[in-house]
Novice: 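Got a structure here, written out as structure tokens. Questions coming.
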Amino acid sequence: MHLVYPAVLAALLFCTGLYGVLARRNAILVLMSVELMLNAVNLNLVAFDVWLRDELHAGQALTLFTIAIAAAEIGIGLAIVLLVYRNRGTADVDRLRDLAEDGQHTEPADREHQAEAAA
Amino acid sequence: MTGTGLTALAAQAPGTTALAAKAHGFLSPAGVEIAFLLVGLVTLGAALVTVTTKQLVHAALWLVVTLGGLAVEYLLLTAEFIAWVQVLIYVGSVVVLLLFGLMLTKAPIGRSPDADSGNRWPALGVAVAAAAALVWVVTDAFRATWIDLEGAAAAGEGSTKVTGEFLFRHWVLPFEALSVLLLAALVGAIVLSRRKTGEQR
């Protein structure tokens, strides 16, 4: 099989996940997109392992490790999202603006207003 | 759900190690390529629906199709053990966790018009630019590279036996470190999601 097929599929899946991470508003959907990106990397690892066929099988071993780390990441991530939801009543990443520059709670609606005032 | 049907079909493609030595399944090398392309199209389409759909629960269900399609791709690449681990861990537990998360954050069941944030057009630009750059580089670099799938299947590269041997012969220490990391993640998740004692809400 041509190596380009799995490599291109992995690249396209990664960019799909990239779009999801940047464009989604709900934190759980962002986590889903992160899973897509991790899976794209896994596909690349498996394809290159089958191509190179090295002694240590580094690609397949690292794929298994990535799957385990992704499971840990999704557990911690969901715990954090649930904690944020319990404290703030929302899981929208756009509304969590405590670390924004002005340090105030600003709604997305009046962000343009503030930008005008700053300009 | 064409993904599940293809799963059952292609599950037999690389064959088990016993069968792989003589026949390599019922798919010819060209058949493997065609199956890979078709399943890849299904996977990519499901991924696109996952990141664009307005219904949050549907996004999780399309993610199942994507991850199942990837498991089929692993099978076609003769990585059997990883394919089944993918089905068990991702489809079995990660998606269930995500659905639980959607339920516990009281996600709306129907269409939610504000699923995408305001910066979706810049996000689309970034993603398309990254995709163009990556695909161009990858196709340019590996234009004349072929994978020897028959040899890999005949050697039983991805079978459970070979996987166990290299995992517990060369990768034991990372494996054990990873189990400690999983334990730490478990404890961390419990500590994070536990309500403090005496907390009144």
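Everything numeric here is computed off the predicted structure, so don't read it as measured data. We name chains A, B, ... by the order of the sequence lines, and we start the count at 1 in each one. Values reported hereafter were calculated over all heavy atoms of this structure, with side chains retained and with hydrogens, waters and symmetry mates removed.
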Novice: Please state whether the side chain, the backbone, both or neither of A:L13 comes within less than 4.5 Å of a heavy atom of chain B.
Specialist: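 When you check distances to chain B, atoms from both the backbone and side chain of A:L13 fall under 4.5 Å.
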Novice: Checking heavy atoms, do the side chain of A:I80, its backbone, both or neither come under 4.5 Å from chain B?
Specialist: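 Contact with chain B is through both the backbone and side chain of A:I80.
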Novice: By the definition side-chain contact (heavy atoms from CB on, under 4.5 Å), identify the one residue from B:V94, B:T66, B:L67 that meets it with A:E35.
Specialist: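 Going through B:V94, B:T66, B:L67 one by one, the side-chain contact (heavy atoms from CB on, under 4.5 Å) with A:E35 is satisfied by B:V94 alone.
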Novice: Is a donor on one side and an acceptor on the other found under 3.5 Å between the side chain of B:R120 and the backbone of A:R24?
Specialist: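 Checked: no pair found.
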Novice: Distance-only, no hydrogens or angles: does the A:R86 side chain make a donor-acceptor pair with backbone N or O of B:S193 under 3.5 Å?
Specialist: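 Side chain of A:R86 to backbone of B:S193, a donor-acceptor pair under 3.5 Å: yes, one is there.
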Novice: Working to the nearest 0.5 angstrom, can you tell me the gap between B:L104 CG and A:Y85 OH?
Specialist: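 Those atoms lie 9.0 Å apart.
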Novice: Select one option (side chain, backbone, both, neither) describing which atoms of B:P174 are under 4.5 Å from chain A's heavy atoms.
Specialist: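 Both the backbone and the side chain of B:P174 come within 4.5 Å of chain A.
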Novice: Tell me the closest heavy-atom pair linking B:G101 and A:L82, and the distance in Å.
Specialist: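 Closest pair (atom of B:G101, atom of A:L82, distance): O-CD2, 4.4 Å.
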Novice: May I ask you to name which of A:V8, A:T90, A:L43, A:L29 has the most heavy-atom pairs under 4.5 Å with chain B?
Specialist: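 Looking at each option in turn, the highest pair count goes to A:L43.
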Novice: With sequence neighbours left out, write down each residue that passes salt bridge (Lys or Arg N to Asp or Glu O under 4.0 Å) with B:K106, or none if nothing qualifies.
Specialist: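 Applying salt bridge (Lys or Arg N to Asp or Glu O under 4.0 Å) to B:K106 gives none.
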Novice: For B:W146 and A:L3, what are the C-alpha separation, side-chain angles and deciding distance, and is it a side chain to side chain contact (heavy atoms under 4.5 Å, CB included)?
Specialist: CA-CA 5 Å; B:W146 271 266; A:L3 181 61; over 6 Å; no
Novice: Heavy-atom cut-off 4.5 Å, strictly under: side chain, backbone, both or neither for B:S179 against chain A?
Specialist: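 No part of it gets close to chain A.
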Novice: Output yes when B:D116 and A:R25 qualify as a salt bridge under the 4.0 Å nitrogen-oxygen rule, no when they do not.
Specialist: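 Not counted as a salt bridge, because no side-chain N and carboxylate O are separated by less than 4.0 Å.
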Novice: So which part of B:F100 gets closer than 4.5 Å to some heavy atom of chain A, the side chain, the backbone, both or neither?
Specialist: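 B:F100 has no heavy atom closer than 4.5 Å to chain A.
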Novice: Listed by chain and number, what are the salt bridge (Lys or Arg N to Asp or Glu O under 4.0 Å) partners of A:R53, not counting sequence neighbours?
Specialist: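 Here the qualifying residues are B:D148, B:E157.
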Novice: Picking from A:L83, A:I67, A:N26, which has the most non-hydrogen pairs under 4.5 angstrom with chain B?
Specialist: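 When all of A:L83, A:I67, A:N26 are compared, A:I67 has the most.
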Novice: Of the listed residues (A:I69, A:L18, A:V81, A:L9), which shares the most heavy-atom pairs with chain B below a 4.5 Å separation?
Specialist: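 If we count pairs closer than 4.5 Å to chain B, A:L9 comes out on top.
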Novice: May I ask you to decide if B:R143's main-chain N or O and A:H2's side chain share a donor-acceptor pair within less than 3.5 Å?
Specialist: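 Yes, because the side chain of A:H2 sits within donor-acceptor range (under 3.5 Å) of the backbone of B:R143.
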Novice: Can any side-chain N or O of B:W171 pair as donor or acceptor with the backbone N or O of A:L56 at less than 3.5 Å?
Specialist: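 Yes; at least one donor-acceptor contact below 3.5 Å.
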Novice: Report which part of B:L41 has an atom under 4.5 Å of a heavy atom belonging to chain A: side chain, backbone, both, or neither.
Specialist: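 Interface part for B:L41: neither.
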Novice: So how far is it from B:I82 CD1 to A:Q60 CD, rounded to the nearest 0.5 Å?
Specialist: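 One finds 4.0 Å between CD1 of B:I82 and CD of A:Q60.
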Novice: With rounding to the nearest 0.5 Å, note down the distance linking CZ in A:F48 to CD1 in B:I147.
Specialist: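 Taking CZ in A:F48 and CD1 in B:I147, the distance rounds to 8.0 Å.
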